[in-house]
Amino acid sequence: MMALHSAIKFSVFALVLLILATDSDAGGIAIYWGQNGNEGTLAETCATGNYEYVNLAFLSTFGNGQTPMINLAGHCDPYSNGCTSLSSEIKSCQAKGVKVMLSIGGAAGSYYLASSEDARQVAVYLWNNFLGGNTSSRPLGPAVLDGVDFDIEGGTNLYWDDLARYLSAYSKKGKRVHLTAAPQCPFPDAWVGNALKTGLFDYVWVQFYNNPPCQYASGEVTNLEDAWKQWTSAIPASKIFLGLPASPEAAGSGFIPVPDLTSNVLPSIKDSSRYGGVMLWSKYYDDQSGYSSSIKNDV
């Protein structure tokens with residue numbers, strides 16, 4: 001009986017270890033939503049259960065004295081306050097445990113920071129209009145977003161570190177302000193490289209596409225793996241994500257077929273303690289390909 005009891009205890013212990021080991025490298029999927037009116041609603045996006053993070057793309061105009069403007073393509077018209085109805089959808093996502101971030105920048109925007117003071121003013125605007133602050137003209141209504149995503153692909157590389165510091169300081173006022181970023185895979189990133197050195201970013205989803213020197217190419221994982229090791233060893237962020245196009249049409253290059261991702265790429269990067277999961281551009285392309293559903297159990 002004693003031997004049986006010990007065996008059961010050992011089995012339970014082994015099971016717990018197995019669960020812990022399985023859990024430790026379990027990652028989540030982040031998705032960009034907002035740049036195609038045919039990608040379903042925000043609430044539908046979160047209801048799929050496929051995503052842990054949704055980046056609202058984009059606040060594409062801000063800085064240097066410009067009136068900030070959000071652009072959610074065909075989803076709603078910010079000029080007529082038409083995006084305030086998203087508030088209930090944001091809350092619906094958050095109730096499901098999904099973090100909803102405002103992504104600032106994008107590939108085609110009018111933005112740059114002219115000075116540290118400009119960065120401070122942008123932080124004040126973001127706090128009052130999208131985070132825990134208050135103003136009568138919140139573009140997305142009263143819902144409080146979980147943080148700000150830096151998808152900076154133009155302008156200048158100056159003062160983004162200041163913006164990160166100013167935004168991070170608001171965490172002391174209540175709800176944590178999460179900071180995320182989407183740098184390109186060549187290291188260091190040309191735009192937000194300095195900002196990432198601050199150690200204030202929770203999640204960094206590196207774009208391993210449209211950058212042949214550090215992306216996957218049919219059967220060849222070395223370039224991606226080398227860049228991954230550089231990012232995970234050099235950037236003081238909580239978690240690093242593998243940023244990918246959700247379909248071949250979503251980017252000029254860098255799409256990884258599902259079998260290659262699950263059998264070749266993910267096994268080569270998931271052993272990193274910094275591994276956070278996979279980021280996909282974008283919800284529209286994911287709808288076309290079913291990519292997130294195909295990879296979810298392997299991420």
Side-chain angles (χ1 to χ4, degrees), residues 32 34-35 55-73 77-79 81 83 100-140 144-173 175-207 210-211 231 234-237 243 281:
Y32 279 84
Q35 283 302 293
N55 296 312
L56 307 182
F58 294 102
L59 184 78
S60 54
T61 301
F62 64 89
N64 194 34
Q66 300 176 92
T67 300
M69 186 53 66
I70 195 166
N71 175 340
L72 295 176
D77 176 19
Y79 291 93
N81 285 328
C83 300
V100 184
M101 322 290 294
L102 175 69
S103 188
I104 64 172
S110 169
Y111 56 86
Y112 72 95
L113 300 175
S115 63
S116 180
E117 173 58 18
D118 192 20
R120 189 190 68 79
Q121 289 178 13
V122 169
V124 169
Y125 169 81
L126 292 170
W127 171 254
N128 285 332
N129 285 272
F130 298 99
L131 302 168
N134 223 320
T135 178
S136 57
S137 58
R138 288 171 70 93
L140 305 179
V144 177
L145 296 181
D146 293 289
V148 178
D149 175 58
F150 288 46
D151 184 15
I152 307 305
E153 303 182 40
T156 80
N157 62 0
L158 300 173
Y159 310 113
W160 300 111
D161 53 341
D162 289 331
L163 181 59
R165 289 186 193 98
Y166 288 127
L167 285 171
S168 183
Y170 280 115
S171 290
K172 296 173 187 145
K173 294 197 170 193
K175 182 174 172 178
R176 169 88 179 272
V177 177
H178 289 280
L179 297 183
T180 67
Q184 313 283 317
C185 59
F187 186 89
D189 182 72
W191 306 108
V192 292
N194 282 335
L196 292 174
K197 289 179 190 169
T198 61
L200 297 173
F201 287 79
D202 299 295
Y203 314 114
V204 176
W205 10 82
V206 182
Q207 297 183 43
N210 293 336
N211 285 291
W231 277 99
I235 290 298
W281 175 268

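Atom set for the values below is all heavy atoms of this structure, side chains included, hydrogens, waters and symmetry mates excluded.
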Side-chain H-bond candidate by donor/acceptor type, Tyr166 with Ser116, under 3.5 Å: yes
Plane angle bin for Phe187 and Trp231 - parallel if under 30°, tilted between 30 and 60°, otherwise perpendicular: perpendicular
Nearest heavy-atom neighbours spanning Asn71 and Gln35: O-NE2, 2.9 Å
Whether Ser60 side chain and Gly105 backbone form a donor-acceptor pair below 3.5 Å: no
Side-chain donor-acceptor contact under 3.5 Å, Tyr111 with Asn64: no
Side-chain heavy atoms of Trp191 within contact of Phe150, under 4.5 Å: no
Crowding at OH, Tyr112 (>12 non-hydrogen neighbours, <6.0 Å): no
Donor-acceptor pair between Asp189 and Gln184 side chains, under 3.5 angstrom: no
Pair Ser103, Asp149: side-chain N/O donor-acceptor within cut-off below 3.5 Å: yes
Criterion side-chain contact (heavy atoms from CB on, under 4.5 Å) on Leu158 and Leu113, from CA distance to verdict: CA-CA 7 Å; Leu158 300 173; Leu113 300 175; over 6 Å; no
Heavy-atom closest pair, residues Arg138 and Val144: NH2-CA, 4.0 Å
Validation row: Thr61, Thr67 side chains within 4.5 angstrom (heavy atoms): no
Exam field: side chain Asp146 to backbone Val100, donor-acceptor pair closer than 3.5 Å: yes
Donor-acceptor pair between His178 and Asp202 side chains, under 3.5 angstrom: yes
Stepwise side-chain contact (heavy atoms from CB on, under 4.5 Å) check, Leu163 with Asp118: CA-CA 9 Å; Leu163 181 59; Asp118 192 20; over 6 Å; no
